[in-house]
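Keep in mind that this is a model prediction, so the values were computed, not measured.
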Amino acid sequence: MRKSGLLSAVLILTALLAACEKPGAWGDVNGIIVVSNPEAWLDLEDTVETALTPRVRAVRDERTFRVTHVDPTGTDWGNLQRFVQMVAIGSVEDPWIQEALLERRDEGGTDAPQLIVAYDVWARGQQVNILLTEPGQPQQAADLLGELQEMLDEQFRSWVQNRMFISGVDTTLQRLLPEEHGFSLTLPAVYDWESRDSVFKFRNDNPDPSELIREVVVSWRSPIPDVEVNGEYILEWRAERVEGYYAFPQVVVTDQALVTPGTMGGKEAFQVQAVWENPPEEFPAAGPFILRAVKCPEQDRLYLLDAWLYAPGKEKYQFMLQLETILNSFKCDMPA
């Protein structure tokens, strides 16, 4: 037992020393390098792009991830193999797959097809997602893409949430809002807030409002109106709030708006996701927004939650996930 324990310790130490000798990974967490032989990529490119980079609604449709292919026998391989997020396609006969399998942390076999995750293969802090196929059958990777995309999106959402709360949670608001106003939101400590006429605005415009604004507005109507709560109703309500309480005018572009009835925290809710823009005579600006109406019968209130973004020239998916996280934290179970 002592020899076995000593051997295990030596193996672990050897692995750690080997990892320390590797360079650090680089690149964006939503940038994916796909490594495969060129012939396989010709057959798989469209399928991989469609599966791993679904579009989200922003000012214009935007890819959630960026995919770049690299030939492991080409001249660019030395630099691109250091990316933080990689997808390796191939069989146990391929050298890049053999190298990646050496760093897998589970004890599974090499039966194909299967998805295997390895870490620190060519760089420290790297994740390599192996789409293991049978020799000469690269098309088998297509059947693994759904599982891979779900995993990558979940990891990206966790990264976004961890990053947005790096400043900590605003614990004062967590206590104040339910005690004095009857609802709660979980917000990062970097958000400023103000209220007027039961309209609450929570805003983060760091580092510069000309470059980035994230704002969440909460208001309500009580008693709950005896009307059908639909997209038209809550967009008209939003327009009233914009006119009376927003810093600058916004009009809604309803083309390709996503309208979704459903529930939120067990409450009847309705959501519209679309794009706002300044009127033509104003400074040209635009951005996506998520608008929700939530019924809280215990308080006899119908809430309107409006989360909007201004991020010109920036990829917007991570910021929309931040706003969605804040909206999802909304609660109104406490007495008003």
Next on the checklist: Side chains of L327 and V216, heavy atoms from C-beta outward: is any pair under 4.5 Å?
Outcome noted: yes

Checklist entry - Taking 4.0 angstrom as the limit, do E315 and R66 come out as a salt bridge? => result yes

Checklist entry - With a 4.5 Å limit on heavy-atom distance, are the side chains of L305 and V217 in contact? => result no

Checklist entry - Do other residues, nucleotides or ligands put more than 12 heavy atoms under 6.0 Å from the CZ atom of R163? => result no

Item to check | Cation over ring face, R238 and Y233, 6.0 Å, 45° | outcome: no

Item to check | Side-chain heavy atoms of F319 within contact of K314, under 4.5 Å | outcome: yes

Item to check | 4.5 Å side-chain heavy-atom contact, L309 and I213 | outcome: no

Checklist entry - Is there a side-chain contact between V29 and Q85, using heavy atoms and a 4.5 Å cut-off? => result no

Item to check | From CA spacing to verdict: ring pair (Phe, Tyr, Trp, His ring centres under 6.0 Å), W122, W77 | outcome: CA-CA 11 Å; W122 297 289; W77 175 233; 5.0 Å; yes

Checklist entry - Mind checking whether W193 and H181 have parallel, tilted or perpendicular rings, split at 30° and 60°? => result perpendicular

Checklist entry - Does atom CD of E232 have more than 12 heavy-atom neighbours, drawn from other residues, nucleotides or ligands, at distances under 6.0 Å? => result no

N/O donor-acceptor pairs under 3.5 Å from side chains in residues 165-173, not counting sequence neighbours:
residue: D170; atom: OD1; partner: T172; partner atom: N; Å: 3.3
residue: D170; atom: OD1; partner: L173; partner atom: N; Å: 3.0

Item to check | Heavy atoms of other groups near K267 NZ, more than 12 under 6.0 Å | outcome: yes

Checklist entry - Any side-chain heavy atom of S219 within less than 4.5 Å of one from R241? => result yes

Checklist entry - Is it true that V70 and W41 fall in one hydrophobic cluster, defined by side-chain heavy atoms closer than 4.5 Å? => result no

Item to check | Ring centers of F270, W237 separated by less than 6.0 Å | outcome: no

Checklist entry - Would R214 and Q322 satisfy side chain to side chain donor-acceptor pair (under 3.5 Å), going step by step from the backbone distance to the final call? => result CA-CA 9 Å; R214 287 154 287 185; Q322 291 179 13; 2.8 Å; yes

Next on the checklist: Check for me whether the distance between the ring centres of F156 and Y317 falls short of 6.0 Å.
Outcome noted: yes

Next on the checklist: If the condition is side-chain hydrogen bond (donor to acceptor under 3.5 Å, both in side chains), which residues does S158 pass it with, not counting sequence neighbours?
Outcome noted: none

Item to check | Heavy-atom closest pair, residues H69 and N37 | outcome: NE2-O, 4.2 Å

Checklist entry - Do the non-hydrogen side-chain atoms of M164 and V190 ever get within less than 4.5 Å of each other? => result no

Checklist entry - Out of D28, I33, V35, V128, which residue meets the side chain to side chain contact (heavy atoms under 4.5 Å, CB included) rule with F83? => result I33

Item to check | Check: Y310 and W276 side chains under 4.5 Å, non-hydrogen atoms | outcome: yes

